[in-house]
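Reviewing the structure listed below.
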Amino acid sequence: MLSQHERHYIQQGMAQNVRNDGRTCEHYRPLKLEVGVLNMTSGSARVKLGGTEVVVGVKVDIATPSPDAPDAGLAYYDVEISPLAGPEYLGYAGSELGASLAQRLARSMQAGSDGRGGAVDLTALGIIKGKTCWAMYVDALVIRVDGNVLDAVSIAAKAALADTKLPSISVTEAEGEDDEPELEVDDDPSASVRLETPSVPCIVTVSQAGRSYVVDLCEEEEQCVDASLHIAVTAQGSLRGITKQGSSGIDLGSLQEMLGIAQRVGPKLIQVVDQHIASGAATAQEED
Amino acid sequence: MEFVSPEGLRLDGRRPKELRKLRIKLGSLDGTDGSAFVQLGNTKVLAAVFGPRGAPTGARSSAISCVIAVSAISVQGDRRSKERLGRQATEFSRALTNAMEQLVPADILKNACIDVHVQVLQADGGLFAACANAALLALANAGVPLRDICAACHTGLLESTALVDLSAQESMQQAPQAAILYECRTQSIAIMQTDNKMSTTALEELLELATEGCIALVTAMRQALISSTVQQLSTSAPHASAAQRRD
Amino acid sequence: MLSLASGSVFDSADLVAVAASSFDQTSGGAPETPVVCVGDTIATDGQEGFLRGHGTQIVDGELVATVSGAVERINKLVSVRTLKSRYTAELGDVLVGRVREISGKRWKVDINGRQEAVLQLSAVNLPGGIQRRRTAEDELNMRSVFQEGDLISTEVQSFFADGSVALHTRSTKYGKLKGGQLVTVACSLIRRQKQHFIPLESLGVDVILGCNGLVWVTPHVAGAPAAAADQTSEPDTDVEPSVSAKQRAAVCRTANALRALGALGISITPATIEDTCKASIDAGVQLHAMLEGPFLEVIISQETQRRQRQ
Amino acid sequence: MARRDTSVPYQPQSRPEAVVSDTGERLDGRGLEEFRSAFLSPHALSQAAGSAYAECGKTKVMVGVYGPRQSARATAFSEQGRVQCDVKLASFATRQRRRFGQSTDERELSGLLATALEAAVLRHTFPKSCIDIYCLVLESGGSELTVAITAAAMAIADAGIAMADVVTACSVSRVAGQLLLDPTADEAFREDGSVLLAMMPAANLVTQLVVTGEWSSAQMKQALCLCMGGCLQLDAVTRKALASSEEQALAAMRIE
C-alpha cells in the first residue's frame with residue numbers, strides 16, 4: 001500500500017535510471033540458488049531473488065500416457081503460496097495468485113499436443129509406448145513474496161529440473177502376450193538418468209513505467225508500473241511464452257522494445273543461473 | 001521387518017532413547033515478526049509469527065490463529081496421502097492454538113491478534129512435535145511473552161521397546177504411540193495425543209520417555225534462544241540499560 | 001566462521017551472527033548484562049521489595065521471565081527487555097505512520113505497533129492554518145488532508161483506555177511526507193533522543209528517525225524544517241517535489257546505509273549513518289552493492305573500531 | 001448429487017492429421033490469412049445492462065455485462081472502478097462433457113479476459129463500484145478467448161459504459177511452419193505455437209498478448225503483424241454492428 005507521492009518518487013527514479021535501492025532499470029537483485037535441498041524428492045531447488053524466496057520440488061510417478069502422444073510422458077506444474085508469505089495470502093487471494101503463476105509457468109514450458117517441442121522433451125519420459133510413462137510433477141512453494149515472484153519460480157523450476165534424477169527402469173519383456181511386461185525400478189542415484197534442460201527458459205518480467213522499461217521489480221515498485229510482460233526466454237534468446245499483466249495498454253513500439261530487452265537480459269540471466277546450478281550441485285550439502 | 005536389532009539399534013542406527021539430529025535456526029525469515037526453522041532428522045519445518053497486531057475490522061473470536069500447511073513437495077506419498085496429512089495437520093493446529101492461548105498472557109491478546117503459520121517443508125515422522133516446537137520458538141523469537149517454555153516429543157512402543165522421536169517408517173506401524181507438549185517449569189502436559197490401543201503401563205512408559213525427550217529438546221531450544229538474544233544484544237548496543245536509551 | 005565475502009545474499013540471522021561474533025572478540029567476551037530465556041527464574045537475591053516490570057511474571061513467589069532478553073534493574077524495578085518485539089509507544093514519541101483507513105472523524109494510522117493508532121480530525125492543522133471548530137464540511141473533505149496510504153510524520157499525544165495510541169500533527173514540522181524514500185528497521189535500533197528530525201548536510205539528505213523503526217529520507221532542504229509539506233501556508237497542492245539525479249543518489253546511499261545497519265542489527269544514530277555513507281563513498285562501492293557481503297564486512301570492522309574507541 | 005461422470009465419448013475424437021494442404025488451403029477452404037465467417041450482435045440479453053452474442057465459425061459465445069454496481073466482495077476504497085470477469089464453458093461446449101464448476105483453465109481465461117478489457121474501460125468514471133462481465137462459451141470451435149474478448153468489449157459498449165476504444169482480438173496458430181489466422185479447434189490441436197493479440201484498434205494500444213511455443217523474433221514480428229491486420233478487420237465489423245444496433249434503438253424510440 002503506497003502513497004501517491006511515493007509512487008511518483010519511484011516512477012521518477014525509474015526515469016532517471018536510479019531506483020530506490022540503487023539498481024539501474026536492467027539490474028537484477030542478488031540471486032542465491034541451492035540445488036538438492038529436499039532429499040526426499042527426485043530433484044529440488046531453493047531460490048532467493050532479493051526478498052522473494054521459492055522452493056521447487058520435482059517428483060515422478062508412473063502413469064499411462066495420453067492417447068494423443070503415446071510415446072511421450074506427462075508434465076504437471078503447480079504453484080502454492082505458503083502461509084509463511086503472510087496472512088493476506090491465506091484463502092482465496094493466495095490460491096488465485098498460485099493458480100495464475102502455475103498457468104504462466106506451464107505456458108513457458110508447454111509442448112505441442114504430440115508431446116514434442118516443449119521446454120523439456122517429454123518423449124524422454126516415455127517408458128512403454130502407449131502403456132506406461134513417467135508423470136513429472138513440478139511443484140513450487142512460494143515462501144516469501146517481495147516482488148517478481150514469477151521470475152523466481154521459473155528460475156527455481158529450471159534449477160530443480162536440472163537437478164532431477166529419473167530412476168533407471170529396465171523393462172523385462174513378457175513371455176506370453178497376455179501378461180504385462182514387468183518394470184524393474186532401480187533407484188540407486190548413481191544409475192539415474194538426467195533430463196535435458198538446456199532449452200528450459202527463464203521468465204523475464206519487463207514492466208513499463210512511463211517511457212522507462214524496468215526488470216526485476218520489488219514489491220513497492222510493482223505498484224508503480226502501468227503494465228508488464230512476462231516473457232520466457234531461452235538461452236539462445238528465442239521467445240517461449242508470453243503473458244501480459246497490468247491494467248493499461250502497451251503501444252506497439254514499447255512492445256517491440258520490451259521483447260528486445262527480454263531477449264538481451266534473458267540469456268545473461270540464464271548464464272548466471274547455470275553457473276549457480278553447476279556450483280550449487282557441487283555444494284548441495286544438508287544446509288538449508 | 002525388524003525395528004529393534006538384538007544389539008538394541010534401530011533401522012537408522014539410533015539407540016531407542018536417542019533423538020534424531022536437531023538443527024534450530026531463529027529469525028531467518030525477513031518480513032515476519034519472528035520465525036524459527038526446526039529440523040529433526042529429515043523432518044524440516046519452518047514457522048513464522050505475524051503480530052501481535054491490530055485485529056482486522058472484524059474482531060475474530062480467538063486472538064491467536066494457527067495454520068499448519070503441508071505442501072505437495074513435503075510429502076513422500078501421492079496426492080491422497082498429502083490430503084490425509086493435511087487434514088491431520090488442521091486438526092492438530094486446533095489443539096496447538098488453544099495450548100498457545102493458555103501460554104500467552106491474556107492482556108496481550110485482549111485487542112491484538114497473532115497469526116502463527118507453520119509450513120512443513122519435509123515430513124518424515126514426528127511431524128506435529130516438530131510443528132509445535134517451531135511454533136513456540138517462533139513466538140519466543142517474536143518477543144511474545146510466554147508463561148512457560150515447552151517442547152513437544154513423539155514416542156512409540158515397537159517390539160516392546162519404547163522408542164523416542166519416531167521416523168516415518170517407525171510410526172507407520174500400528175504400534176502404540178504417544179505425543180505430548182510438555183511445559184517444563186510447571187512440569188505439566190499441555191497437549192497429549194495417543195494412537196492405537198495400549199495398556200496403561202505402556203502409556204506410563206511412553207509418557208516417561210516423552211518427558212525425558214522434551215527436557216532434552218528444551219535445553220537445545222533454550223540454548224538457541226539465548227545465543228540468538230546474545231547476538232542481537234551485542235550488535236545493537238554494547239550498553240544495555242534502558243536509562244541510556246532515554247538520553 | 002561464516003565469511004560474508006563469499007556469498008552475496010544472507011538472511012538477517014546470518015548477518016547478526018557474524019556481526020556479533022566480531023564485536024564479541026573486541027569487547028572481550030559476552031556482554032556484561034545477564035541474558036535470560038523464557039521460563040528462567042530471575043535471581044532477586046533476597047531483595048524483598050522488588051517491583052515486577054515488563055517481560056516477567058511472579059510464579060509462587062519467584063520472579064520468572066516470560067520473554068528471552070536482557071535483565072534490567074532500575075533500583076527496585078526488575079524487567080526483561082526484548083529486542084525484536086513490536087513498537088510500544090511512549091508519550092511524546094516522534095513517529096512515521098501510514099494512513100490505512102478513514103472512518104468517522106478519525107484517520108486510522110498504521111504505526112507498526114501492536115494496535116492501530118488514531119489521528120482525530122481535531123488533532124490536525126487544517127489547511128489555511130486557522131484554528132476553528134471542526135464542521136461537518138471538514139469531515140467530508142478529510143481525504144483532501146490525508147488519503148489512504150499517505151505517509152505522515154506525527155507525535156504520540158495520549159493513550160486510550162485499551163492502550164491504543166492517539167496521535168497529533170499540530171505543529172509545522174509534522175504532516176504529509178513527500179518526495180523521499182521510506183526504510184523500515186527494527187524499532188529497538190532507534191534510540192529516543194531529543195531531535196528526531198535530523199538534517200545531514202554532509203550527505204545532502206534530511207532524515208526523520210521514527211521511534212517505531214520507520215525512517216524517512218529526503219533530499220536536504222536548506223533552512224526549512226525537514227521534509228514536512230508545510231501544510232499551513234497553502235492548501236495541499238498536488239505539486240510533486242522534483243528530485244535531481246544527484247539528490248536521488250544521496251537519498252539512495254543513505255537508505256541503503258540504513259538497510260545495511262538494520263540488517264546487521266547495529267543501532268542507528270546520526271553518527272553511524274554518516275560513517276557508513278562516508279565509508280561507502282571512500283571505498284567507491286556502487287549504490288546497489290552496499291547490501292552485499294564485502295561492504296557489510298567494512299561496516300562491521302568500522303563499528304568494531306568505534307567500540308574500541310568508546 | 002453431482003454424478004461421478006466416468007463415461008467416455010463413444011467414439012474417440014477424430015483429429016485430422018493434415019490441417020493445411022501444400023497449396024495453402026485449409027480444411028474449411030479458407031486461405032491462410034482468412035477469417036472464419038463472423039456474426040456479432042449486441043444487445044442479445046434483455047435483463048443485462050449490456051450484452052452481446054458472437055459467433056466465429058463454430059465458436060459461439062454469449063456475454064452479459066452488469067453494473068456499474070456495488071461490488072459483492074468488500075474491497076478497500078479505490079478511485080478506479082473494478083472490472084470483474086467470469087468465463088465459463090458450458091458442459092456441452094466441448095466434445096467430452098465438462099463437469100460444471102470453476103476449473104483452473106476457466107479461472108485463467110477469466111484473468112486474461114479481465115486484463116484485456118481493463119485498459120479500454122475508463123474505470124475512473126465509476127469509482128468505488130464494479131462492472132461484472134459474465135461470459136458463457138456455448139460451443140468451443142477454436143480460439144474461444146479471442147471471440148470472448150471481442151464480444152465482451154462490444155457488450156460493455158452496449159451497456160453504455162465509457163470506453164477509450166473498442167477492443168478486438170485475433171489469434172494465430174503455427175502449424176508446420178505456416179501461420180494460420182483465426183484457427184479452428186482441429187487446427188489449434190496440431191499447432192506447435194500460438195499468438196493471441198488483443199488491441200484497441202483506434203488507440204493502437206495492445207491490451208493482451210498470450211504466446212505459447214517457441215518463436216524467433218522474426219517469426220514473432222510476422223505473427224504480430226498478421227494479428228494486427230486481423231484485429232483491424234474485426235474492428236470494422238464490430239463498429240458496424242454497434243452502429244446498426246444503436247440506430248435500431250433510436251428508431252424504436254422515435255416510433256413511440
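Throughout, a chain's letter reflects where its sequence line sits, starting with A, and its residues are numbered from 1. In this text, all values refer to a predicted model and were calculated from it rather than measured experimentally.
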Distance, nearest 0.5 Å, that separates [atom1] of [X] from [atom2] of [Y]:
X: C/N256; Y: A/R23; atom1: CG; atom2: CZ; value: 10.5 Å
X: A/D21; Y: C/R259; atom1: CG; atom2: CZ; value: 6.0 Å
X: A/E220; Y: C/Q181; atom1: CD; atom2: CD; value: 9.0 Å
X: A/Q4; Y: C/Q147; atom1: CD; atom2: CD; value: 5.5 Å

Identify the heavy atoms of A/Y9 and C/R248 that sit nearest to each other, and give their distance.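 Smallest heavy-atom distance, with atoms named: O-NH1, 3.1 Å.
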Kindly give the heavy-atom pair with the smallest separation between C/G149 and A/S3, and that separation in Å. O-CB, 3.0 Å
Sort out for me which of A/R7, A/R29, A/R19, A/M1 touches chain C most, counting heavy-atom pairs under 4.5 Å. A/M1
Considering only heavy atoms and a distance below 4.5 Å, find which of A/V18, A/L2, A/I10, A/N20 pairs most often with chain C. A/N20
Side chain, backbone, both or neither: which part of A/Q16 has a non-hydrogen atom closer than 4.5 Å to chain C?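 A/Q16 touches chain C through side-chain heavy atoms alone.
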Relative to chain A, which segment of C/Q286 carries a heavy atom at a distance below 4.5 Å: side chain, backbone, both, or neither?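 Contact with chain A involves no heavy atom of C/Q286 at all.
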Given a strict heavy-atom distance threshold of 4.5 Å, which part of C/S242 is in contact with chain A: side chain, backbone, both, or neither?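 Interface part for C/S242: both.
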Taking 4.0 angstrom as the limit, do C/R98 and A/E6 come out as a salt bridge?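 A salt bridge is present here (some side-chain N lies under 4.0 Å from a carboxylate O).
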Within-4.5 Å side-chain heavy-atom neighbours: C/L151 and A/H5: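 No, every pair of side-chain atoms sits at 4.5 Å or beyond.
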